[in-house]
S.K.: 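Let me begin by handing over the structure; questions about it come next.
Each chain gets a letter, A, B and so on, in the order its sequence line appears, and its residues count up from 1.
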Protein chains: 2
Amino acid sequence: MRPLYHPSKEDISTEGILYALSDPIRAQIYSEISCSEEAPTCSNFLTLKNHKLPKSTLCQHFKILREAGLIRSERKGVELRNFSRCGDLKERFGDLIRAVLAAYGLKVGESVQNVPSEPKKKAVAEKSRPR
Amino acid sequence: MRPLYHPSKEDISTEGILYALSDPIRAQIYSEISCSEEAPTCSNFLTLKNHKLPKSTLCQHFKILREAGLIRSERKGVELRNFSRCGDLKERFGDLIRAVLAAYGLKVGESVQNVPSEPKKKAVAEKSRPR
DNA sequence: TCAATAGTTCAATATTTATAAACTATTGGA
DNA sequence: TCCAATAGTTTATAAATATTGAACTATTGA
């Protein structure tokens with residue numbers, strides 16, 4: 001099985017990000033990953049808003065998020081843990097990602113949040129939220 | 001021939017806008033429409049960045065922009081003139097549209113531009129730009 | 001009424017997406 | 001070491017979308 005592809009920071013494109021986030025399911029998945037402390041797994045999303053998703057479909061969504069450069073997937077034992085690639089995204093795409101998720105009414109993790117006009121005060125985290 | 005459908009302001013959705021603008025060709029078309037004073041026609045885009053587009057393809061792109069609520073098409077004689085639906089978009093989707101076009105490196109018309117932090121000074125228009 | 005121009009619709013083809021089923025990978029026992 | 005369990009990927013194919021040439025509709029001016 002070929003290793004998971006993650007584009008280099010320079011290869012992350014507006015088009016790819018927009019494509020990935022133009023699907024509301026993927027936007028929601030990305031939102032939750034970006035907010036979560038525990039780096040969720042793919043299977044954590046088998047039901048999303050009372051809606052069941054097949055595993056293979058979910059896997060494709062993750063592939064698209066990963067290959068757009070939005071997330072990084074790391075194997076931890078039998079599962080893959082997914083992180084937002086905040087560091088690689090914030091500078092070039094922070095505004096875009098924030099605006100897209102805001103328009104959907106979704107939350108963004110602190111790491112991408114970082115409003116530049118304010119002098120960076122500690123955000124009030126919202127960790128224990130039902131999923 | 002059925003009349004052109006324009007969604008009501010309330011029916012404009014994030015998902016529809018993102019879908020429409022996730023195609024870089026449509027994003028560019030919208031950008032030019034939003035910046036232009038003359039309400040361009042469909043045929044104005046038959047060549048875009050040295051790339052020829054078939055008329056039927058272009059017509060579909062316009063239909064998608066129109067049905068997403070981004071533009072309004074009005075018949076003026078033999079042609080259709082296309083306007084950005086600024087008024088309907090600015091409040092709910094201004095930030096989104098601005099961020100998307102900015103990320104693509106495209107311009108946005110003043111009407112959608114309207115940066116809220118600054119006290120609304122007259123923007124320096126850039127009208128005569130090669131297309 | 002006809003020709004010219006602009007745009008839409010149709011139909012055929014090509015591309016993309018969704019998903020069940022089969023596969024690979026890792027781990028923790030027996 | 002081998003097996004079962006769990007997590008995720010790949011493959012095959014069916015369904016949905018996109019692209020585009022060709023035919024059509026609409027408007028205008030001669």
S.K.: Check this one for me: any side-chain N or O of B:Arg75 less than 4.0 Å away from OP1 or OP2 of D:dT25?
M.R.: no

S.K.: Once you round it to whole Å, what is the distance between P of D:dT19 and CG of B:Leu46?
M.R.: 16 Å

S.K.: Please name the residue in the list A:Val112, A:Leu65, A:Ile12, A:Ile33 that meets the side chain to side chain contact (heavy atoms under 4.5 Å, CB included) test with A:Arg85.
M.R.: A:Ile12

S.K.: Between B:Ser43 and C:dG7, is there a side-chain N or O to OP1/OP2 distance below 4.0 Å?
M.R.: yes

S.K.: Hey, is the side chain of A:Tyr5 poking within less than 4.0 Å of OP1 or OP2 on D:dT9, counting only N and O atoms?
M.R.: no

S.K.: Indicate, with a heavy-atom threshold strictly under 4.0 Å, whether A:Cys42 touches base, sugar-phosphate, or nothing.
M.R.: sugar-phosphate

S.K.: As a test of reading the structure: which of D:dG8, C:dT9, D:dG21 is closest to the side chain of A:Lys55, going by heavy atoms?
M.R.: D:dG8

S.K.: Give the rounded distance in Å between these two atoms: CG of A:Asp23 and C1' of D:dT17.
M.R.: 14 Å

S.K.: If you assign each of A:Leu4 and A:Val78 to its closest nucleotide in DNA chain D, which residue comes earlier from the 5' end?
M.R.: A:Val78

S.K.: Mind calculating the distance between CD1 (A:Ile29) and C1' (D:dG8) to the nearest angstrom?
M.R.: 14 Å

S.K.: Can you tell me how far the CD atom of A:Glu38 sits from the CG atom of A:Asn82, to the nearest 0.5 Å?
M.R.: 12.5 Å

S.K.: Just compare C:dT8, D:dT11, D:dG21 and give me whichever is closest to any side-chain atom of A:Gln60.
M.R.: D:dT11

S.K.: D:dT20, OP1 or OP2 - any side-chain N/O from B:Thr57 closer than 4.0 Å?
M.R.: yes

S.K.: I'd like to know if the side chain of B:Arg26 pairs up with that of B:His61 as donor and acceptor (distance under 3.5 Å, no hydrogens or angles considered).
M.R.: yes

S.K.: Can you check the A:Glu74 CD to C:dT26 C1' distance for me, whole Å?
M.R.: 16 Å

S.K.: Check the distance between D:dT10's C1' and A:Glu67's CD and give it to me in whole angstrom.
M.R.: 13 Å

S.K.: Would you kindly compare B:Gly77 and A:Ser73 by the position of their nearest DNA chain D nucleotide and give the one closer to the 5′ end?
M.R.: A:Ser73

S.K.: Let me know the distance between NE2 of B:His51 and C1' of D:dT20, rounded to the nearest Å.
M.R.: 12 Å

S.K.: Is there, by distance only and without an angle test, a donor paired with an acceptor across the side chain of B:Thr41 and the base of C:dA6 below 3.5 Å?
M.R.: no

S.K.: Once you round it to whole Å, what is the distance between C1' of D:dA16 and CD1 of B:Ile64?
M.R.: 14 Å

S.K.: Walk me through it: do A:Leu70 and A:Phe93 pass the test side chain to side chain contact (heavy atoms under 4.5 Å, CB included)?
M.R.: CA-CA 10 Å; A:Leu70 285 163; A:Phe93 300 107; over 6 Å; no

S.K.: If I take atom CD in residue A:Glu79 and atom C1' in nucleotide C:dT24, what distance separates them, rounded to the nearest angstrom?
M.R.: 17 Å

S.K.: Is a side-chain donor-acceptor pair under 3.5 Å present for A:Ser13 with A:Glu15?
M.R.: no

S.K.: Would you say a side-chain N or O of A:Arg66 is under 4.0 Å from OP1 or OP2 of D:dT9?
M.R.: yes

